[in-house]
Amino acid sequence: MVVTRVAPSPTGDPHVGTAYQALFDYVWAKKNAGRFIVRIEDTDRARYNAESEARILAALRWLGISHDEGPDIGGPNAPYRQSERLSLYQKYAQELIEKGHAYRAFETPEELDAIRKELQQQGQRGGYDGRARSISKEESNHRAAQGEPHVVRLKAPRTGQTVLHDQLRGPIKFENSGIEDAVLLKSDGFPTYHLAVVVDDHEMGITDAVRGEEWIPSAPLHVLLYQAFGWPEPRWYHMPLLLNPDKSKLSKRKGNTSIEWYRDQGILPEALLNYLGMMGWSMPDGREVFGLQDMIENFSWERMSLGGSVFGWDKLKWLNGKYIREILSLDDLAERLKPFMEKAGYTWQNDTYLKQVAEAMRARFETLQEFVEKSGYFFTDNYPVQEKALAKIREGAAYLPEVRTLLAKLPSLEAEVAEPAFKSFIEQKGLKAGAVMQPLRAALTGVLETPGMFEVLHLLGRERVIARLDRAIQ
RNA sequence: GGCCCCAUCGACUAGCGGUCAGGUCACCGCCCUUUCAAGGCGGCGGCAGGGGUUCGAAUCCCCUUGGGGUCACCA
């Protein structure tokens, strides 16, 4: 049995890094017919954001990553919010104190600052020297009983080494002398990540701890905790990081990290998921377009590459376009377009029309939002006319009245009718097609890039075509 | 700075001792063409450097360099 978890911290926008993590946790669990858990790491009162949890869960749902247990659906290991498990951590912290693996420390934040400075001046590493270790058990108990504020710190060994057995990189050795007496329980009674993650992973039966590489430096602390408790360690997998274009860890300041931002741009969830799947991982046959199920069927850690991956926009957009033009059905595409159209204030006479426009535009937009931006003239007469289009209209002013006459008297604007009529008109005049087509295009759409002219004529219909021509001629 | 991780085209990657180092995005050119796309074809472009090991290294080892992560009562 494999049980994995993703443990987001509800401090803000749903982060693509969380989705990345969740994706691999999910795939690995499902590959092994196991369970995938979502746990909320809300032990930081200062950064807690009340809406964040729901948005993170919604984002995962949107992506199609479904969890087997979590705060919204419950499960055998409930509760799934660390803020609701406080007594657990306190109990285990107490246990460590009694076993001699942890101790209370009573320094105030100001005192800690002073200690840190002092240590730095001496050229020593670390932020705490472990001085509270020397407080006697009696005194410690007494001061705690008096209600004196304190934290609980790990009594890290000062000699020897601790080895992290990372499944992706092999053993990583750390000198214990470099491991600090980290705070396990804060003075507000909340645990730090270090205590919480170990206690919860153990209590929830997590067998495989998959998380970002940024955790490697504190991993020995976690190993030490497992040893102190006498619990078996999970298998550790430290994933490569998602990067900004400048190769630093993906961050809000240097890129778009919110899943909601991509959603609002009209990136499809399957495209985003697919793209995340190709960050550090590849299909055995080299396919670049693949879904969750493909990933589950073909997943193995051997195919993971360890260098971080730049999370870039260009290829994501290309992939999204690929889904739009080759993977989605026309019906599906139209349905997904609707909310974007509505948001932009566009209306359409019926779904058939929307679908026809979508079909005509299909190869010409790569995000749903792009469709809205490029297709306005199909949905309103109030579309802007670009400078270049205006120039084209003037250029072709001589022909437009004749084109109007021609189109007005045609029995229909279907391509089968309009195209031959148009061709012979052009031939008669001894013109090049573009000389007439481009001004006409500009007159009917206000832009110079549109679907084929005859598609446009047919979609707009005679009434709108004539009206727009009249307007342009004036 | 200490500790730790990583290292193939600009980007995403294939490669796991013997390959003309392959594919994709982006970029450039050509074709198609009523425009713009899409699509097809082609091009540009890479094993960071130096030592080893080996008959033979992108592949294994070491050093250097470079990049990154982390050093909180945040996760």
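Scope of the values below: all heavy atoms of this structure, side chains included, with no hydrogens, waters or symmetry mates. Proteins get letters first, then strands, A, B, ... in listed order; numbering begins at 1 in each.
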With sequence neighbours left out, what residues match [X] under side chain to side chain contact (heavy atoms under 4.5 Å, CB included)?
{"X": "A/Lys249", "answer": "A/Glu214, A/Leu241"}
{"X": "A/Glu203", "answer": "A/Arg85, A/Leu88, A/Tyr92, A/Val199"}
{"X": "A/Lys254", "answer": "A/Asn244, A/Asp246, A/Ser248, A/Ser251"}

Does [X] have a side-chain nitrogen or oxygen under 4.0 Å from the phosphate oxygens OP1 or OP2 of [N]?
{"X": "A/Lys317", "N": "B/C12", "value": "no"}
{"X": "A/Ser309", "N": "B/C12", "value": "no"}
{"X": "A/Arg303", "N": "B/G15", "value": "yes"}

Quick check on contacts: within [range], what sits under 4.0 Å from RNA chain B by heavy-atom distance?
{"range": "residues 242-256 of chain A", "result": "A/Lys247, A/Ser248, A/Lys249"}
{"range": "residues 154-169 of chain A", "result": "A/Arg169"}
{"range": "residues 102-114 of chain A", "result": "A/Glu107, A/Pro109, A/Leu112"}

For nucleotides 24-39 of chain B, read 5' to 3', which letter fits each nucleotide if B means a protein heavy atom sits under 4.0 Å from the base, S means only the sugar-phosphate is that close, and - means neither? BSS-------BBBBSS
What's A/Pro191 touching, base or sugar-phosphate or nothing? Going by heavy atoms closer than 4.0 Å. sugar-phosphate
Taking any heavy-atom pair under 4.0 Å as a contact, classify A/Ser187: base, sugar-phosphate, or nothing.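 Answer is base: heavy atoms of A/Ser187 come under 4.0 Å of a base.
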Scan for ring-ring contact (aromatic ring centres under 6.0 Å, His included) pairs involving residues 425-460 of chain A, sequence neighbours excluded, and state none if there are none.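 Found A/Phe422-A/Phe454.
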Sort and list the pairs that fulfil side-chain hydrogen bond (donor to acceptor under 3.5 Å, both in side chains) and have at least one residue in residues 13-25 of chain A, not counting sequence neighbours.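 As it turns out, the side-chain hydrogen bond (donor to acceptor under 3.5 Å, both in side chains) pairs with a partner in residues 13-25 of chain A, which skip direct neighbours, are A/Asp13-A/Arg55.
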Starting at CZ of A/Arg47 and ending at C1' of B/A72, how long is that distance when rounded to a whole Å? 11 Å
Residues that A/Arg39 engages under salt bridge (Lys or Arg N to Asp or Glu O under 4.0 Å), provided they are two or more places apart: A/Glu41, A/Asp200, A/Asp201
Using the salt bridge (Lys or Arg N to Asp or Glu O under 4.0 Å) criterion, which residues pair with A/Glu402? Sequence neighbours excluded.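 A/Lys429.
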Would you confirm whether the ring centroid of A/Tyr103 sits within less than 6.0 angstrom of the ring centroid of A/His150? no
Donor on one side chain, acceptor on other, A/Tyr275 and A/Asn320, under 3.5 Å: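 A/Tyr275 vs A/Asn320: no donor-acceptor pair found between side chains.
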Could you note down all residue pairs passing salt bridge (charged side-chain N to carboxylate O under 4.0 Å, His left out) where residues 432-448 of chain A supplies at least one of them, sequence neighbours left out? none
